[in-house]
Amino acid sequence: MKQATSDVGDLVARRPAGQSLEAPFYVGEEFFDLDIEAVFARSWLFVAAEAELPEPGDYVTVDLGSYSIIVVRDDDEDVRAFHNVCRHRGARILNEERGSVGNIVCGYHRWTYGVDGKLLYAESQAPGFDPSCFGLRSVHARTVAGLVFICLAQEPPEDFDEVAARIAPYLAPHRLAEAKVATQIDLVENGNWKLTMENNRECYHCVGHPELQACYFPIYGYQEKDIPPALRPAYERFLLADAEARRTYDSLGLPYAEIEELDTRPTGFRIQREPLDLAGESYTPDGTAACTRLLADFPTARLGRLSMHIQPNSWFHFMADHAITFSVIPLGPDRTLVRTTWLVHADAVEGIDYDLDTMTKVWKATNDQDAVLVARAHRGISSPAYLPGPYGPTEEQVEAFVNWYVTRLKAHLERRS
Amino acid sequence: MKQATSDVGDLVARRPAGQSLEAPFYVGEEFFDLDIEAVFARSWLFVAAEAELPEPGDYVTVDLGSYSIIVVRDDDEDVRAFHNVCRHRGARILNEERGSVGNIVCGYHRWTYGVDGKLLYAESQAPGFDPSCFGLRSVHARTVAGLVFICLAQEPPEDFDEVAARIAPYLAPHRLAEAKVATQIDLVENGNWKLTMENNRECYHCVGHPELQACYFPIYGYQEKDIPPALRPAYERFLLADAEARRTYDSLGLPYAEIEELDTRPTGFRIQREPLDLAGESYTPDGTAACTRLLADFPTARLGRLSMHIQPNSWFHFMADHAITFSVIPLGPDRTLVRTTWLVHADAVEGIDYDLDTMTKVWKATNDQDAVLVARAHRGISSPAYLPGPYGPTEEQVEAFVNWYVTRLKAHLERRS
Amino acid sequence: MKQATSDVGDLVARRPAGQSLEAPFYVGEEFFDLDIEAVFARSWLFVAAEAELPEPGDYVTVDLGSYSIIVVRDDDEDVRAFHNVCRHRGARILNEERGSVGNIVCGYHRWTYGVDGKLLYAESQAPGFDPSCFGLRSVHARTVAGLVFICLAQEPPEDFDEVAARIAPYLAPHRLAEAKVATQIDLVENGNWKLTMENNRECYHCVGHPELQACYFPIYGYQEKDIPPALRPAYERFLLADAEARRTYDSLGLPYAEIEELDTRPTGFRIQREPLDLAGESYTPDGTAACTRLLADFPTARLGRLSMHIQPNSWFHFMADHAITFSVIPLGPDRTLVRTTWLVHADAVEGIDYDLDTMTKVWKATNDQDAVLVARAHRGISSPAYLPGPYGPTEEQVEAFVNWYVTRLKAHLERRS
């Protein structure tokens, strides 16, 4: 039986801490609609790297629920966003995922808008028609160190300024605004978007990720005192790498302290710089840099990873040689788009400075494995026999994400009532 | 969020003139159901040319929402229509789009009906079983000058008699009842049926139809005083063609006066005979007749076009050499079947008298282009950011169609309450 | 328009005897949900032959609505069933249709359960975590003479013990528990599951099954006194075969009396042993045994058929040489899985003792023909023009099935209120 709308408030109100959500949150149409309305239409969303829009007129379109948004670089080189809906009879204007335009022209009756959204021209109008009333409806857009965020709400969360100010020093050294896209892969996971995000907040399942696990020191989830003798050598290796990394970070002025504010603010986030295992340079099969041309003028490629997570829909890894962005777009209660973008220095040349297969191997495999796990989680939760289960100590960030999510719903339901 | 049923009445009541409808009319399941019930199940619908059923026993099946209707020529050569549902256990009886039968036999338990709908035979019935109680449920059917119309309502709109009487003199000279089908093409547009009909009621978008536009004098939408110098020669050409056409029409007794009663009656319609540009004979790349054997004994092929539009679901073009019928069947809120049928003289021979590619080129291209536009309109309107926009002076017939539609809904909601 | 939930009770209450159900029972989402809840989640369901799980650790998974159930042979060789949902975060555990396992291990975070359902191991848990609280949720399972039944209800129907006791003597001689699967074919019918079951309860439609009809004496539906002269020879043949069959059954101690209790108990069933036409041994084109190695040590293959029907979802034919089981699983209001399994003696060798094509020919053809009929029934009933029609004398068992079904719904609605 479908969950009645009247129960939404109850389900939100009674959610107990420490365990997975009840089934309707993941499988119900009414929660999907609510998630779009309460979370995705109210939060700042990472939707593209600036590198995807290098020149004025370059655009990407973002489909989110039934929304479609144009993100475009305007003639002043600022990034702007508009609803992709003609003000005449509502036609979707730009129908490609990306491209480049002089003006934004609707293909139906040739209404023509500037990249600033203003209606420049509409043929055959009655006297008294005022073009200034029919500009494209705008959407908030901003960039942070080369990352593009949009917010559909009229009043976006105010804390984003502070978040931006705190993460910018971590990101800036990687000079993403000057990078280029090496490749981008879209993957549709057959599960709810929250399962995608939860899955990303723990490495308890990482035994299923051999390629990824090889990049990490195999001591995840252990307290120092509990480390078994067999893992002692790995732990020693970690301690050395960690000390070296801190020295490097300090000498280069790279911030590395962990900030974890997942469930204490509207824009929940986490950021940390830390060493990688193997060669310690990048997410590649042997840990060496995937691109010989580094993102910036770093004296060494051995910077480990700067990892960031911003709720509701993104995570990132920034290395010396390349960066990877992940954005999550809900397509339906049980379908979620995961878009992964690999960024390299604008002057790096494929085949010479980097090999795409080597660069994408670890995260392509990891994404594919995660898609299987998320699909299984969704299918299992769909059973009437599903009961929420307990989060263990290694799933603290999952719990924090769920807390944050439930808090968002509560705030929205309160506003609405 | 889905539109609640309780809002349907409000949305209908508050529709302001002069602009496109609010989104739920186009995208809501509840309006789709209402459209079937209030419009398609109550209006006369064009569903076939008589040429599709030349002989007794010939039939076509028409699927409309969850209805399925058999349209069949009976032994008296009349066209009749029945619900395609066995009176035994409800099986769909005829499962092909068209064919020819002696009797109408259900493939499940061999219940056998005449082409007059009477139950002729049902094996293994209990004593007392009365076959006369189990004839096929009938549907109103009638023909007008070779066109077949059906109406699902118990009491069809009464004004159709008058409409038929007014259009018959325009159509009769083309002798469609004696024509044959040259070809038929089904196209599914990914948009609401009203967007298909609205799109057909204006040529404001015709810049996207190069093949079609070439057939028309390029002065559409202009008042004489506003015609720009560059279009003056075209306008002169039009004036000459128009004068010649009137002389021809008068001499042949072909009615040509425009009648436009789109929103003032249950059976909204429009009809007009007018010249075409190029060779002026037909919708072909050079305007010459596509079929050397004309539909009737016309002394010239240069008759331009007789164009007709009948609401809710059809439009037509009748030329000297061939005719084209278009019927529109809603398949879902966002899926619409457009069926286009090309008719020629019964004795015309493909490959000798006509070439199918040449005959279908213009409207095949135009239909395909329209399908793209309708899909874009539907997708754009699906966005929560869509706002109804203004109809301009060249969109008067769109406004009239929408008025007619809203009037139909109001009448139905009133009857229901 | 969709049927409102509030009408469900009315529709159930007003169902008149002697005719097919009103449309919403077959096409409504709300009846689909109710059928799962009131019928499929409360009845004993045939889901597999024991032959599908010969060894400890062998399992099949059964998907039923949004349920997924693991049916597994445990280390004591008993058949058990569990919900296929991890007690941690709800992932579906076994994702193949069948296989063999030592333990039941969730692929997400490696929670490990025994084939008895106990949680044996879960890594990284907080102190105080009690594994005994997190075993797999069990589902009732039992076997009857080699057939596996499950029941999702906490309190299964009590009458199944008696049904099992009455059918076991009929089935036992065929030694199904020792058989092996020759082949299994899944077919998805595009109709409601009740149409599939109704279709199976009458041979009024068997004129559409030439292969099957050849196996039966062509006197179905006749009273002796009404047999037409042309069928007299067939009737004489039947009388001889029937007399011979009874002698054989008596001499071998094979029960054959018809028991028909379709609508007088929660576990409605019917069983009967009777001769077949042609060679009288099996469902093959010429009626001879399809497998030279018989299922048991029968002195003759000429045993006709033992046919059984158990509501809600199965029917069976047991011959001397092979057995066929049919299980029906609703997938949606208009989609139903029919799984057909052919069983032979465990030592029979394909290509030597039996030929798969010959063995499956009759019922493969019959199933395919039935799928067409069920789809037509469903499509026709979907029309608003459908009216329930009368069941004739040869449709008594259909009426009994429908009675049983409506009684199940009434009992459930009463319990619920």
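Computed from a predicted model, the values in this text were never measured in an experiment. All chains are named by letter (A, B, ...) in the order of the sequence lines, taking the proteins before the strands, and each is independently numbered beginning at 1. We use all heavy atoms of the structure for the numbers below, so side chains are in, but hydrogens, waters and symmetry mates are not.
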Notebook entry, point to check: Quick one: what part of C/Val27 sits under 4.5 Å from any heavy atom of chain B, side chain, backbone, both or neither?
Noted result: neither
Note to self: Less than 4.5 Å to any heavy atom of chain C: does that hold for the side chain of B/Phe134, its backbone, both, or neither?
What the structure shows: side chain
Next item on the list: Could you tell me whether C/Arg237 and C/Asp277 make a salt bridge, using a distance below 4.0 angstrom between a side-chain N and a carboxylate O?
Entry: yes
Notebook entry, point to check: Side chains of C/Val374 and C/Thr336: closer than 4.5 Å at any heavy-atom pair?
Noted result: no
Margin query: Shorter than 4.5 Å, heavy atoms on both sides: which option in B/Arg89, B/Arg87, B/His83 has the most such pairs with chain C?
Written below: B/Arg89
Checklist line | With C/Arg270, the side-chain hydrogen bond (donor to acceptor under 3.5 Å, both in side chains) member among C/Glu260, C/Glu261, C/Gln311 | finding: C/Glu260
Note to self: Whether the C/Tyr283 and C/Tyr216 side chains hold a donor-acceptor pair (N or O, under 3.5 Å, no angle test) is what I'd like checked.
What the structure shows: yes
Checklist line | Greatest number of heavy atom pairs closer than 4.5 Å to chain B - which of C/Pro388, C/Ala375, C/Gly380 | finding: C/Gly380
Check: Checking heavy atoms, do the side chain of C/Ser20, its backbone, both or neither come under 4.5 Å from chain B?
Finding: side chain
Item checked: Pick from C/Ser382, C/Gly191, C/Pro384 with the largest number of heavy-atom pairs that fall under 4.5 Å of chain B -> C/Pro384
Next item on the list: Any chance you could lay out the side-chain hydrogen bond (donor to acceptor under 3.5 Å, both in side chains) test for B/Asn313 and B/Trp193, step after step, and finish with the verdict?
Entry: CA-CA 8 Å; B/Asn313 82 320; B/Trp193 71 274; over 6 Å; no
Check: Got a salt bridge between B/Arg98 and B/Asp58, using NZ or NE/NH1/NH2 to carboxylate O under 4.0 Å?
Finding: no
Note to self: Does any backbone or side-chain atom of C/Asp226 lie under 4.5 Å from a heavy atom of chain B? Answer side chain, backbone, both or neither.
What the structure shows: neither
Item checked: Segment of C/Gln19 engaging chain B (4.5 angstrom heavy-atom cut-off) -> neither
Checklist line | Choice from C/Thr394, C/Val398, C/Leu387 maximising heavy atom contacts with chain B below 4.5 Å | finding: C/Leu387
Next item on the list: Decide side-chain hydrogen bond (donor to acceptor under 3.5 Å, both in side chains) for C/Asn199 and B/Tyr108; before the verdict, give the C-alpha distance in whole Å, the side-chain angles of both, and the deciding distance to 0.1 Å.
Entry: CA-CA 10 Å; C/Asn199 178 70; B/Tyr108 203 169; 2.7 Å; yes
Next item on the list: Determine the option with the most heavy-atom pairs under 4.5 angstrom with chain B, choosing from C/Ala23, C/Gly389, C/Gly208.
Entry: C/Gly389
Notebook entry, point to check: With side chains defined as the heavy atoms from C-beta onward, is the minimum distance between C/Pro218 and C/Phe238 less than 4.5 Å?
Noted result: no
Next item on the list: Taking all heavy atoms of C/Arg15 and all of C/Val402, pick out the closest pair and write down the distance.
Entry: CZ-CG1, 3.4 Å
Notebook entry, point to check: If you count heavy-atom pairs under 4.5 Å between each of C/Gln369, C/His378, C/Arg379 and chain B, which one has the most?
Noted result: C/Arg379
Check: For chain C, which of B/Cys86, B/Gly65, B/Gly90 has the most heavy-atom pairs under 4.5 Å?
Finding: B/Gly90
Checklist line | Interface moiety of C/Glu395 toward chain B, non-hydrogen atoms closer than 4.5 Å | finding: side chain
